[in-house]
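Below: the structure, in structure tokens.
Numbers restart at 1 for each chain; the letters A, B, ... are given by sequence-line order, proteins then strands.
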Amino acid sequence: MSTDTVKAVSVAPPAVKSARARRKNSYLADFGLPLAVLALIIGFAYFVTYVVLSEDRRFLLPPLHEVIRVSFLDADNRAQILEALWRTTVIAMVGLFFSVALGMVFAVVMASARWLERSLFPYAVVLQAIPILALVPLMGFWFGFGFTARVIVCVICSIFPIIANTLFGLQSVEPGHRDLFRLRGAKPGVVLSKLLIPAALPSVFTGLRISAGASVIGAIVGDTYFRQGEPGIGILIDLFRSRLQSEQLFGAIIASSLLGIVVFAFFTWLSRRLVGHWHASGRL
Amino acid sequence: MSTDTVKAVSVAPPAVKSARARRKNSYLADFGLPLAVLALIIGFAYFVTYVVLSEDRRFLLPPLHEVIRVSFLDADNRAQILEALWRTTVIAMVGLFFSVALGMVFAVVMASARWLERSLFPYAVVLQAIPILALVPLMGFWFGFGFTARVIVCVICSIFPIIANTLFGLQSVEPGHRDLFRLRGAKPGVVLSKLLIPAALPSVFTGLRISAGASVIGAIVGDTYFRQGEPGIGILIDLFRSRLQSEQLFGAIIASSLLGIVVFAFFTWLSRRLVGHWHASGRL
Amino acid sequence: MAVAIPETAAGLRFVSTGMEYPDGTVALEGVDLDVRPGQFVSVVGPSGCGKSTLLRLASRLEHHTSGEVAVDPHALAYVFQDATLLPWRSVKKNVALFCELRGDGKADIARRVQEAIDLVGLTGFENHYPHQLSGGMRMRASVARCLTVDPGVFLFDEPFGALDEISRQKLNDDLQTLFHAQKFAALFVTHSIAEAVYLSTEVVVMSGRPGRILDRVPVPFAYPRDPQIRYSEEFAHLCARVSQSLAGKEH
Amino acid sequence: MAVAIPETAAGLRFVSTGMEYPDGTVALEGVDLDVRPGQFVSVVGPSGCGKSTLLRLASRLEHHTSGEVAVDPHALAYVFQDATLLPWRSVKKNVALFCELRGDGKADIARRVQEAIDLVGLTGFENHYPHQLSGGMRMRASVARCLTVDPGVFLFDEPFGALDEISRQKLNDDLQTLFHAQKFAALFVTHSIAEAVYLSTEVVVMSGRPGRILDRVPVPFAYPRDPQIRYSEEFAHLCARVSQSLAGKEH
Amino acid sequence: ACGGGSSDAGSDGQGVQVAASAAADSASYLADACPATVVMQADWNPESEHGALYQMLGGDVKIDTDKKRVTGTLVDTEGNDTGVKLEIRAGGPAIGYDSVTNQMYTDPDIMMGYVSTDDAMIAAGTKQPVTAVVAPTEISPTSIMWDPETYPDVKTIADVKKAGIKVRYTNGLAYMDYLTSTGKLSADQVDGSYDGSPGNFVADAGKAAQQGYASAEPYLYKNEISQWGKELAYDLVANSGYQIYVQALSMPSEKVAENSACLKKLVPIIQAAQIDFLNDPADANALIVKLVEEYDTGWQYSAGVADYSVKTQKDLGIVSNGPDSTLGNMDMDRVQKLIDEMQPILSGKGVDVPADLKAEDIATNEFVDMSIGL
Ligand SMILES: Nc1ncnc2c1ncn2[C@@H]1O[C@H](COP(=O)(O)OP(=O)(O)OP(=O)(O)O)[C@@H](O)[C@H]1O
Ligand SMILES: Nc1ncnc2c1ncn2[C@@H]1O[C@H](COP(=O)(O)OP(=O)(O)OP(=O)(O)O)[C@@H](O)[C@H]1O
Ligand SMILES: Cc1ncc(C[n+]2csc(CCO)c2C)c(N)n1
Ligand SMILES: [Mg+2]
Ligand SMILES: [Mg+2]
């Protein structure tokens, strides 16, 4: 034990003003640094556009301000993109709703017995690993080529993370907590609502964060194969691509990415609200 | 406290022979019941084939024995499917490898500071929510239309669950365990290898289970857009589809689903090996 | 091995009960023990001898591998060795859990919960979450949870081990009052011999692993017991006897 | 508020230290305490008074909000109130953790680990996992982990609370021997007044929340202490004084 | 096709034999005017609609099964070596369904590619202008087809509209914008989900009509898709007034001038090759079938469909001289008419086709040998 080390760690208490300073610091970290990273990425995009790509090839990644100007400042284009985005959003949300509802039920059923897990999990994997493309005519035959089929595609794309993470959450429930309920002879429904669901919630939210993006992709994929009814952003992306409209193409991509981020952010916020007070994963 | 209740719970100890009986029972539950469920599903498929579908629509879901006969009992067809499947497997595995490696690094970086998480997570979401279709020309320009691009598509499809679940695992590390390492002034690398990774492992495996199927889908999607180099099962699916070779189409779908299940089962097995001795999620 | 369990049995009964964990650890061997309503049996024994296992068998959370166990599982309360509070529930909601499970009315729950919280001295911490409590406070919340349900069989696994002597003595007195009033069957694991003697109708001394019953020390004091009996000679005598049994000495 | 910390300080020093948790709970107020190498200071006080908080400040795992804290963070060992064993490591590997973190050689680790395991009486359970242990065994594993590292500052948070009297007395004696040999600075939280007096050079009595130092009781016995001093009159006298301070009575 | 390498077609009758070298002063000696390798980007997998290109390959072809490209000596109508190589790159799936225009603007090695008039207009509107230098195909084989059993009274696209039949087409193709904007089909009867697979058509038993190539799909559905196995009826989209030059060989407009010397000699060779192909498609068709097999991108092409394709190209005048006696030239009035009709339609869809776009901006007959014709 040397003198120096002790001197080194003689720590003055945080001064009174530090609370405000810390908050300021946290604002900086919460918003400033992420914005700095965003700026960096935008800078990189411009670098690619203007330095890496020769003029002829600039359509591969058009300048961002052009993308914004053409896609979002032009009223017609903006309306077109936002309308299509809205329709995709509806599909994605309906799909996600069913994914969450069905996925959690599926997981709860599987968690209730090992043989059920072993019997059912493989089909969940198949559902996830199956190329949707291959099922298009069959699904079209049953569900038509419109809203229903698109929602189903979205569910297929986004249900598995919910199942896997809910199941993980259910299996991670502390044995001591289970004992507590067993001891008092709690009914399965009560165990579910008062123990299993709350305990699995942080995990479920992780599943939701994965499914957020997956549902958007699912809606876009569904758009691609099932084109009856109102066109969504997937159709628009296809269209812009075949019409070589790079700016609008990237505009549509940005719009659908933002949709993914918004859904993701929503669940992050919800998770902080619901589990932040007791589980670290909720404290972003 | 009634007399009856006590009588009711007077429990004789499990007899000595019960160990073997229990094992038998568990074999039944582990293999018998899942097989029964499989039989049920096959029965349902036949029902659809022969009862729901009229004869000229039977190609939408051909009889399973025909699928097997044409796709797997015919040597040529089997060779064709297995060869393509093998190539897809290679892509899926290489892709999954990078997903796991990059995804875990990404998660560890994000877990190291809140501002990093807030700064980087949105881009992971974008990566996941972006329609790959839209990036085809840009990726083709940079990475060609072959192996590299296909692996990248596979990574894009399968990295997010790894990131999200690893991050969740890292955030769920018990504060007391962190204290243990902080107390002894452990270096970040040591904390990572001796605390964070082991503690996050059960969660990481949940991510791997999701990514197992996603990597197969990613490889098939990559096949669709990047057809230079050796063709995989995705191309075959496309081919059978365009020729309405239903039996082979379903054969190929079954083969790729089995690939998904095999990868999934491998990680389930590995998770039992690695975390089964201490975490309930590893004990399937 | 079919030992007849008397039909009139209530409370707890172990008949040459043994328990071997799947990994081969034999935790208990040939335990014969009866705890009837109105009996307060304390168990003392070396760490790892199978005391918690005994309580887990009594609660049917674990299953014995030989002999027999009979227990009235209704109205069973069990203070676990760990606090096992639900981290997403505040102290108040944690304490309310058992009442909720029983389906009590809201007002009734609120009253019982507040009484129990006041009793264990957690007043003012009703809305705190478990991670905001000290170790002893967590155990007290856990005890409070069990105090809300008027149990017929009450199992305690070192409930007051994490408490200072003063809190401990207060809770001992409160528990004794409760026992005297409700006459439940109590099985109480503790490491404090004085506590065991002060509370119990009988102290059971267990041997090291595998746990067997080494000695049974009946405690003749009548309830309610005056805290001052702790300083009586008979009390000291009983403690010494338990202590000697524990140390493996014949008496 | 810049209190000069003597440059020669080693061990631990609190200078009018206070600690308020973010939720507003004031855990400590104006604590002045010095623990030099060769001093063994026990802390007793009511549950929830801030004893664990004091140790967490001493270990720099938590930060004080007023006053000053000085500590030599090297060679710090801390037996937490919970066992905090890593569930994926066997007992042996858990006990080896601190040695591994220090980068000891394999043979050295194996030797130290076995010594520590033997000392706490877990021989035979080296390859068990934490969930296969009893509560007391887990705490002993946790103590063993800290015994492997020859600490300069040793913090204990009720290390023996979950143990029976016999194991406890044995570990008390072993710890005393260790202290006498190594002369570390020890800060020891316990609820057993006898244990505090038996082990310490000084017993510090804390008040209920917010924790302040109510009384300091120096213990004059020389080391090594004969277990028999527990039955001496002076020992009883010291215990009584601590007990009274704890009960809030002036002495 | 293993290892992703290349293989020689050999001299077993696949491809046209190289007879001799063209004299250095002959019209078909390209070495002094053209790049050492002339690279052509096709818009799809090898098919008989691309016959002219494959006809120009000598017998010494090297097939890159990895990148889906074929290279060989560029030979003239006599089979003489022109002194340069010809590389034909497969399009469609081989390039991730990217557009030929994009490919030409990304890879400067590509000299020419197949671009249809409508796509050239779109390219002009997105600042990737291309100019067609020769149009080997006179009429687009793109058709709407339907089941004559279900709809015995339907003969034309106008009837399809009248009958209100759903029409499945591939999203993004401009011809459908034309048909719907001009009221030749109604917007609510079309469905852009056609992805090349016959599954949906067969599954609803021919209730809907579907897009298809007149030179391929009728044969395929009758002979190679056993679940259908019947005749299809169809009507060319061109019959409704949508007169594009499909698969016209084009290049970025800025490159036309610098390549004019080459084009002057090369375009007549292409014209002649198309005529040679129609007269004797056997060698080129054999190569096409072989390439499809070797490329292994999931596309299938039988000798039967290749023969049917050539026959249909002749019968329907898909490959023909058109109104004049020259094969390969473009009727600039026809192009201008299409521009005038399509400009407002495309602009309405958000594609900024310049209002003053002229036929000359996207097509030129400058290099066409007016004397070459069927
Ligand atoms: N889940 C388990 N698997 C295997 N062995 C176990 C398990 N739980 C406990 N044991 C073993 O059973 C024995 C008795 O454990 P138990 O928890 O009943 O002890 P205890 O008397 O309560 O000890 P303590 O006073 O330390 O709490 C111990 O040796 C322990 O290692
Ligand atoms: N993380 C926290 N957030 C808020 N309050 C806390 C936190 N940890 C402890 N406290 C509060 O600080 C006070 C002191 O807690 P501490 O754990 O130091 O008590 P203790 O003296 O160790 O008690 P015990 O003997 O029961 O272990 C308690 O009132 C407790 O509620
Ligand atoms: C058989 C056949 N099917 C699809 C295409 C692909 N394709 C290339 S250009 C074009 C649009 C024509 O206006 C289409 C559909 C093809 N070439 N041949
Ligand atoms: Mg125990
Ligand atoms: Mg404490």
Using heavy-atom distances under 4.5 Å, tell me whether B:Y225 contacts chain E through its side chain, its backbone, both, or neither.
both

In terms of ring plane angle, is the pair E:W299 and E:W44 parallel, tilted or perpendicular, where the classes change at 30° and 60°?
perpendicular

Spacing of B:R243 atom CZ and E:I225 atom CD1 [to the nearest 0.5 Å]:
6.0 Å

Output the residues of residues 143-150 of chain E for which the shortest heavy-atom distance to chain B is under 4.5 Å, in residue-number order; output 'none' if no such residue exists.
none

Taking B:F145, B:F147, B:F226, B:F240 one by one, which has the highest count of heavy-atom pairs under 4.5 Å against chain E?
B:F145

Given the options E:Y213, E:Y234, E:Y308, E:F201, E:Y221 meets ring pair (Phe, Tyr, Trp, His ring centres under 6.0 Å) only with E:F201

Under 3.5 Å, is there a donor-acceptor pair linking the side chains of E:N45 and E:T297?
yes

Heavy-atom pairs under 4.5 Å with chain B - which of E:Q103, E:R69, E:Q227, E:E224 has more of them than the others?
E:Q227

Among E:G96, E:S99, E:S226, E:A205, single out the residue with the greatest number of heavy-atom pairs under 4.5 Å to chain B.
E:G96

Heavy atoms only: give me the nearest B:L236-B:I81 pair and the separation to one decimal.
CD2-CA, 3.7 Å

Any luck finding a side-chain donor-acceptor pair between E:E47 and E:S309 under 3.5 Å?
no

Search all heavy atoms of E:A94 against all heavy atoms of E:A90 and return the closest pair with its distance.
CB-O, 3.8 Å

Per-residue contact mode, B:R57 against chain E (heavy atom under 4.5 angstrom)
side chain

Under a 4.5 Å heavy-atom cut-off, does chain B meet the side chain of E:Q300, its backbone, both or neither?
both

Interatomic distance, OH@E:Y295 vs CG@E:D66, rounded to 0.5 Å, equals 11.5 Å

B:L60 portion near chain E, given a 4.5 angstrom heavy-atom threshold
side chain

Under a 3.5 Å threshold, yes or no: a donor from one side chain and an acceptor from the other, between E:S197 and E:D195?
no

